[in-house]
Amino acid sequence: MAGAINIVLRDAYEFTGSYIRVGVNRWDDGEINPTFGAVTSFEALGGRLLAGVNVQDRYRAKTKRSDRFTDDTREEKVSWEDQTEVKDGRDYSANLSYTADVGDTGRFSIDGFYVKTDRDVTEVSFEEELDDDETVNIRVPGRDPYDQKNYGVGAEYTFDMAGGRTAVSVDYARFENSQATTEGEQVYVSGAENWDDTWSIPADAEWDETVYEAESVTAKDAETGFRLTHARPLGGAELEFGVDYRTKKREGLLVTYEWEAEEEGQTPASLADYDLDGSVASVIEEKRLDPYIMLSGKGDAFSWEAGLRYETTKSEVEYLEDDESEGRVSKDYNELLPSVNLRWNLGDADRISLSLAKTIKRPNFNELLPALLDGEFGDNDYIGNPELDPETANGLDLGFEHRLGRKGVVGVNFFYRDVKDLIEIVNTGVPSEEMQDTWEEMIEDGDAVDLADAMAQEPASSWLYTSSNVGDGKVYGFEFDVSTPLSAIGLENTGIFANYSWVKSKVDDFLGERRFNDQAKSVYNIGFIHDLPTLGASFGATYRKQGDAYARVLGEEVLIRYGGELDVFVEKRFGTNVSVRLSANNLLDASKDEFFDKFDTLQDQIDRDYDEYELETEEAGPSYQLVMRWAF
């Protein structure tokens, strides 16, 4: 939900030369991986050519600890979990652009890009649960390898025509994702005397079961766009009008599999060992036609922009479950989006800005796809909602900016958004597939007479989530920024910077008024950079802290608390072309702490009658990077 939607495009600066960047990263667990990048720009074929490549190893290891209690007094622990997660992969990217003048007034440009990501995410969890007079030890191995490709090409031609300037552009982009996820559970049961805070398989434990689930996900996105614009003088102002046309299409296939061991020690060797559990195939198409018109004027003390954009959207979601059509959902919606931007220069050092605009946020394709994702939110499942309406907001921004000396600036901005049809994650009230399978097993094993008896003995503790338009809400707050050298106190080579944002929001749900889910109350950054000209060196530090966030859905509430992050760097320059920088990130080993209140029913949630209270802490540790840059 940004502020004003008008964007003024400026020509990027031109340069001739080349640039190479090589470096190495060291992570908290001792893993070391490289990074490389290069850019070159030169005149060729009657124009200017720019090319770049980048290879970046991506790695992150983190640990997570969860402790679960009967209620928020934390007096009686019922289970705990230790989890390690490692994301290990490599990104490859390349880009190429060419720009040339055509005739006296024309300019032609074409550019392309390619990005490939190979990544492997591995998780291993060790859980221990006290269930009446039994201790249950569970080992949960998981793996999620995926291969993504993203590439595209675009071209634009601008030229003078009919007393103004016309631009025609086309672009095409493609995204492909291939992913295979497996997760298992190896369960052992022993007596209550083995309950402790150390995971192990006791000598007297009995193997209960080993089960695995697998998912195969493929998705292909294609996006094509065309834009025609014309700008011309109109009295003392400038008139710009045009039209954007864009089509998007996603073809997806989700196939799920399951496997169960017949005896202890067995594990599936390959996907061929699994049994087919189900499949969902889908096609999502979206077409947009967005005409717009804008008037703008610029004076010595006052400048302004006023525009109208009419966005029309037609979308269709078609999906098949287990090769049977579940129908097609069509959504058409049109929105008129006005905007006004005003700027007053009160003098050489002060400026006031005011923006009024209506914005739109469409559901993304993942929110529309009606494919059930098992355990997407902790133990809770998720399914997309093809009936979603777009989220809109009427917004106001009022800002003041003051220059400090020759290089400093301080500013404050107040904002307000009146949001309609807010999109959030909600609990459907339908138990998860895991709960339904549990009840079926209880009936099959004779532990329950029927479904009602099974549900009474084992109340639902995990649910099916979806995305929904939860209603209307409001967001308001302010942002403060300052960046300046300390010249006033004789520290010309020392610069400080700081920014602080405070946000308040309101929306009504089934329990009354609350903040928007997962929205932090505040965030701030503060830091400095000190230059040592005689040594050709510099150093600096940045500290970041994010305020608490809160989320509430039916059956669960969570408070999210973030630790502070400290980053530092030191850089040495060799002549004018070479520099070496050593940086250290997350030196305070910031954690993400979550506090979950869980309930069986709405009435239990109102009465604060807990099903479970959980504390979860996640940490990743510090990391270090050494990078050399060479420009020539």
Side-chain angles (χ1 to χ4, degrees), residues 1-2 60 62-69 71-74 80-81 83 85 376-380 391 393 412-417 419 422-427 465 467 470-481 498-527 542-567 585-599 605-606 608 610-622:
M1 307 301 293
R60 200 61 168 168
K62 63 182 181 182
T63 59
K64 183 187 294 183
R65 170 74 182 195
S66 298
D67 292 287
R68 307 177 184 104
F69 305 84
D71 56 40
D72 61 345
T73 64
R74 310 184 199 177
W80 57 266
E81 177 183 355
Q83 182 187 91
E85 178 190 88
E376 182 71 6
F377 291 90
D379 296 328
N380 302 294
E391 180 180 313
V412 62
N413 183 72
F414 298 92
F415 58 88
Y416 174 84
R417 302 287 184 272
V419 182
L422 176 67
I423 298 174
E424 287 190 336
I425 303 296
V426 300
N427 185 344
Y465 286 4
S467 295
V470 299
D472 302 337
K474 294 178 173 58
V475 186
Y476 54 91
F478 70 89
E479 303 160 336
F480 172 81
D481 291 276
N499 59 72
Y500 177 82
S501 297
W502 177 84
V503 181
K504 177 71 174 178
S505 59
K506 295 179 181 180
V507 66
D508 290 328
D509 66 6
F510 55 93
L511 286 181
E513 186 179 288
R514 62 163 169 81
R515 297 174 57 86
F516 287 9
N517 280 340
D518 301 318
Q519 184 183 75
K521 295 181 179 179
S522 62
V523 60
Y524 69 86
N525 296 264
I526 186 169
T542 302
Y543 178 77
R544 291 186 297 274
K545 184 70 169 67
Q546 185 168 314
D548 294 348
Y550 175 77
R552 180 168 71 196
V553 297
L554 176 64
E556 184 172 292
E557 301 169 19
V558 57
L559 174 67
I560 308 169
R561 184 163 292 156
Y562 302 89
E565 296 184 41
L566 177 64
D567 301 335
N585 301 312
N586 194 27
L587 286 178
L588 299 180
D589 192 13
S591 66
K592 176 185 177 184
D593 302 315
E594 298 181 83
F595 306 82
F596 295 87
D597 301 278
K598 302 180 182 180
F599 310 92
Q605 193 166 358
I606 295 172
R608 314 311 287 174
Y610 280 80
D611 171 62
E612 185 177 85
Y613 181 80
E614 180 179 0
L615 303 180
E616 183 176 283
T617 298
E618 182 180 301
E619 295 177 329

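All of these numbers come straight from a predicted model, not from anything done at the bench.
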Find the distance between CG (D472) and CD (E391) and round it off to the nearest 0.5 Å. 10.0 Å
Gap between atom OH of Y524 and atom OH of Y543 - 0.5 Å precision: 4.5 Å
So which atom in S505 and which in V475 form the shortest heavy-atom distance, rounded to 0.1 Å? CB-CG2, 4.0 Å
Would you name the heavy atoms of A520 and G547 that are closest together and state the gap between them? CB-O, 3.7 Å
Is the shortest heavy-atom distance from the side chain of F377 to the side chain of E556 under 4.5 Å? no
I need the K598 NZ to D611 CG distance, nearest 0.5 Å. 8.0 Å
Taking every heavy atom of A551 against every heavy atom of D518, the minimum-distance pair comes out as CB-OD1, 3.4 Å
State, to 0.1 Å, how close K506 and K504 come at their nearest heavy-atom pair, and which atoms those are. CE-CE, 4.3 Å
Between N380 and N427, is any pair of side-chain heavy atoms under 4.5 Å apart? no
Taking the side chain from R608 and the backbone from Q605, do they hold a donor-acceptor pair closer than 3.5 Å? yes
Going by heavy atoms in the side chains, are V503 and F516 under 4.5 Å from each other? no
Would you check if there is a donor-acceptor pair between the side chains of E479 and S501 at a distance under 3.5 Å? no
Do the non-hydrogen side-chain atoms of I425 and E376 ever get within less than 4.5 Å of each other? no
Can any side-chain N or O of R514 pair as donor or acceptor with the backbone N or O of Y550 at less than 3.5 Å? no
Examine distances only and state if a side-chain atom of K545 and a backbone atom of Y562 form a donor-acceptor pair shorter than 3.5 Å. yes
Apply side chain to side chain contact (heavy atoms under 4.5 Å, CB included) to the pair F478 and N413, showing each step before the final yes or no. CA-CA 5 Å; F478 70 89; N413 183 72; over 6 Å; no
Rounded at 0.5 Å granularity, tell me how far CZ in R544 sits from CD in E565. 5.0 Å
Counting only heavy atoms not in D508, do more than 12 sit closer than 6.0 Å to its CG atom? yes
Please check if the number of heavy atoms outside K64 that lie under 6.0 Å from its NZ is greater than 12. yes
Just by distance, do the side chain of E424 and the backbone of V470 share a donor-acceptor pair under 3.5 Å? no
Less than 4.0 angstrom from a charged side-chain N to a carboxylate O is my criterion; do R68 and E81 meet it? yes
Could you tell me whether the side chain of D509 reaches within less than 4.5 Å of the side chain of R552, counting heavy atoms only? yes
Which word best sums up how the rings of Y476 and Y416 line up, parallel for under 30°, tilted for 30 to 60°, or perpendicular for over 60°? parallel
CA sep, side-chain torsions, deciding dist, call: E616, S66, side-chain hydrogen bond (donor to acceptor under 3.5 Å, both in side chains): CA-CA 4 Å; E616 183 176 283; S66 298; 3.2 Å; yes
Presence of salt bridge, E85 and K62, under 4.0 angstrom: yes
Checking N586 side chain against G621 main chain: does a donor-acceptor pair fall under 3.5 Å? yes
So do the side chains of L615 and R74 get within less than 4.5 Å of each other, counting heavy atoms only? yes
Apply side chain to side chain contact (heavy atoms under 4.5 Å, CB included) to residues V426 and L554 and explain how you reach the verdict. CA-CA 7 Å; V426 300; L554 176 64; over 6 Å; no
Drop me the distance from F414's CZ to W502's CH2, to the nearest 0.5 angstrom. 10.5 Å
In Å and rounded to the nearest 0.5 Å, what is the OG1 to CG distance from T542 to N525? 7.0 Å
Where do S591 and T617 come nearest, in terms of heavy atoms and distance? CB-CG2, 4.0 Å
What about the rings of Y610 and F599, do their centers lie closer together than 6.0 Å? yes
